[in-house]
Asks: 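This structure is in structure tokens; I'll ask about it shortly.
This is a predicted model, so every value here is computed, not measured. Here is how names work: the chains are called A, B, and so on, in the same order as the sequence lines, proteins then strands, and each is numbered from 1.
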2 protein chains.
Amino acid sequence: MSQEQGNAPEPTLARLTRYLRCLRRLSDEGIQTISSKQLEARLGVLSAQIRKDLSYFGEFGKPGVGYNVQHLLERLSEVMQLDREHRAVIAGAGNLGSALAGYAGFAKSPFRIVGMFDNNFSKIGRLLWNLEIQDIHELPRINQTLGATIGILTVPANAAQEVADIMVDAGIRAILNFAPAHIHVPCHIAARDVDLLRELEILSYYLDRLPAEDEAKSDTAPEADGLDS
Amino acid sequence: MSQEQGNAPEPTLARLTRYLRCLRRLSDEGIQTISSKQLEARLGVLSAQIRKDLSYFGEFGKPGVGYNVQHLLERLSEVMQLDREHRAVIAGAGNLGSALAGYAGFAKSPFRIVGMFDNNFSKIGRLLWNLEIQDIHELPRINQTLGATIGILTVPANAAQEVADIMVDAGIRAILNFAPAHIHVPCHIAARDVDLLRELEILSYYLDRLPAEDEAKSDTAPEADGLDS
DNA sequence: GGTCGCCTGTGAAACTTTGCACAAAGATTA
DNA sequence: TAATCTTTGTGCAAAGTTTCACAGGCGACC
């Protein structure tokens, strides 16, 4: 029986993105069918886990055969809403914001950077990767035209909340926050934090706390969670 | 009774970094004592959760009083090994690598970028943020001098594994991987993935799946997990 | 058509993490 | 000193997630 609601666990969603990446590669390789056991071999995720993850969204496989790569790829893309373009704006034209704006990986993704914003008058008006840096306070007005649904926050920590509020005002419905600060958003807005310093601090904890160098490239360390090749 | 081993759950470690950030701010504000209930009000983490998290590492508070901010700050810093400097190298002098190398937030952290590496001969030798870009293949030799324990991976996905191997060769013991690819490391190496596209894909899933705009700035959306202030 | 081997989807068990509730302990007041 | 208030640390229950194990479906081969 298939469920269809949005009640899949978060860890499942994270793994789904890995399955997708693997499926895209399989598709490129011209492989048409794959079983959960074969996926386990490629991803290091238990086959039962894979089947359970998929079962949250429907029944995609054939017993005795496995999954049709193309079909599963399309279905999971639908589930993740990756079958349509998503427009995003970046707030904060500093080092990180500039780097993200120029990220080549977006080309093959459904995500498009359609606007770049800052509050620094010496930056506003300048061109960056073919985008003119605009005044962050104009975002609500300008986004009526841009129609971005995703906001990427690359401002300093002390400005994060203020800019997040502006984004919500502007009709942004999902925020990816790179500032090392927590932002409060209304419950109809999705928000995630990506925090360089936090990641380093967690790695710091593990330094000198790992099994000891008995070699054997058995990757079972406290990895966050991996991705496809 | 206090435990001291490294058997704390990962979610606890992630929250610990949030407690630390809050404690640093409290310390700056000159606040000397804080209770788990007050922390709950500031962080949105249940007080019982906070106490349980802390209990993995010892007993730091006084019943009837709370925690001494400075003392807890120092103890947690020890636990996370943030009381000493950590040297890190960056591999991949592209947009993202360059941005991270220049990240101002490192100044107040125990992390120091001590080397910048790439495989592109047109980049090797150039200066970036006062660091000379060096040949990635020289890392094992050069790191005998640098003594970096942390490696930050900002190379394209298809080079990630190869460069990770070089890092392990070079004595790096923790890897922060920004490439959209999974890397395999020996079990005595810590590794974490930070993946822009994955985060966007997860946000994409939540778009149009949230409670609907009934306003009320009640932040109880599917936030990843927040940070202080 | 029957038999065999493989693979899916899923209920139930095992494990992990969170949240609750309370005993014990320090502070405060009288 | 006793009564009261506050807050910690933790055993236990609840919730969430992963893993196991198997019934039943499908294809291949004889």
Asks: Taking Glu40(B) first and then Lys37(B), would you say they form a salt bridge - that is, a charged N and a carboxylate O separated by under 4.0 Å?
Replies: yes
Asks: Considering residues at least two apart in sequence or located in another chain, which fulfil the ring-ring contact (aromatic ring centres under 6.0 Å, His included) criterion with Phe106(A)?
Replies: Tyr103(A)
Asks: Considering all heavy atoms of both residues, which atom of Ala91(B) and which atom of Ile136(B) are nearest to each other, and what is their separation?
Replies: CB-CD1, 3.9 Å
Asks: Can you give me the N/O atom pairs linking the protein to nucleotides 3-7 of chain D at distances under 3.5 Å, or say none if there are none?
Replies:
from   : atom 1 : to       : atom 2 : distance (Å)
dT7(D) : O4'    : Gly64(B) : N      : 3.0
dT7(D) : O2     : Gly64(B) : N      : 3.4

Asks: Report the nucleotide, chosen from dT17(D), dG19(C), dT18(D), that has the shortest atom-to-atom distance to any side-chain atom of Gln49(B).
Replies: dG19(C)
Asks: Could you state the atom-to-atom distance from CG of Leu46(A) to P of dA21(D) in whole Å?
Replies: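 Those two atoms, CG and P, are 12 Å apart.
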Asks: Under the side chain to side chain contact (heavy atoms under 4.5 Å, CB included) rule, collect the residues that match up with Gln70(B), sequence neighbours excluded.
Replies: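 Result, side chain to side chain contact (heavy atoms under 4.5 Å, CB included) vs Gln70(B): Ser27(B), Asn68(B), Leu73(B), Glu74(B).
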Asks: Is Arg15(B) near enough to dT17(C) that one of its side-chain N or O atoms lies under 4.0 angstrom from OP1 or OP2?
Replies: no
Asks: Indicate the atoms forming the closest heavy-atom contact of Ala148(A) with Val114(A), along with that distance.
Replies: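 For Ala148(A) and Val114(A), the tightest heavy-atom pair comes out as CB-CG2, 4.1 Å.
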Asks: Quick one: which of dC20(C), dC20(D), dG11(D) gets closest to the side chain of Ala48(A)?
Replies: dC20(D)
Asks: Tell me every residue that passes side chain to side chain contact (heavy atoms under 4.5 Å, CB included) with Lys62(A), counting only those two or more places apart in sequence or in another chain.
Replies: Val65(A)
Asks: Answer yes if the side chains of Asp53(B) and Thr12(B) hold a donor-acceptor pair under 3.5 Å, and no otherwise.
Replies: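 Checked: Asp53(B)/Thr12(B) side chains pair up, N/O donor to acceptor below 3.5 Å.
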Asks: Give me, pair by pair, the N or O atoms of the protein and of nucleotides 28-30 of chain D that are less than 3.5 Å apart, along with how far apart they are.
Replies:
none

Asks: Can you run down the salt bridge (Lys or Arg N to Asp or Glu O under 4.0 Å) pairs that involve residues 168-191 of chain A, sequence neighbours left out, and say none if there aren't any?
Replies: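 Matches after skipping sequence neighbours: Arg173(A)-Asp208(B).
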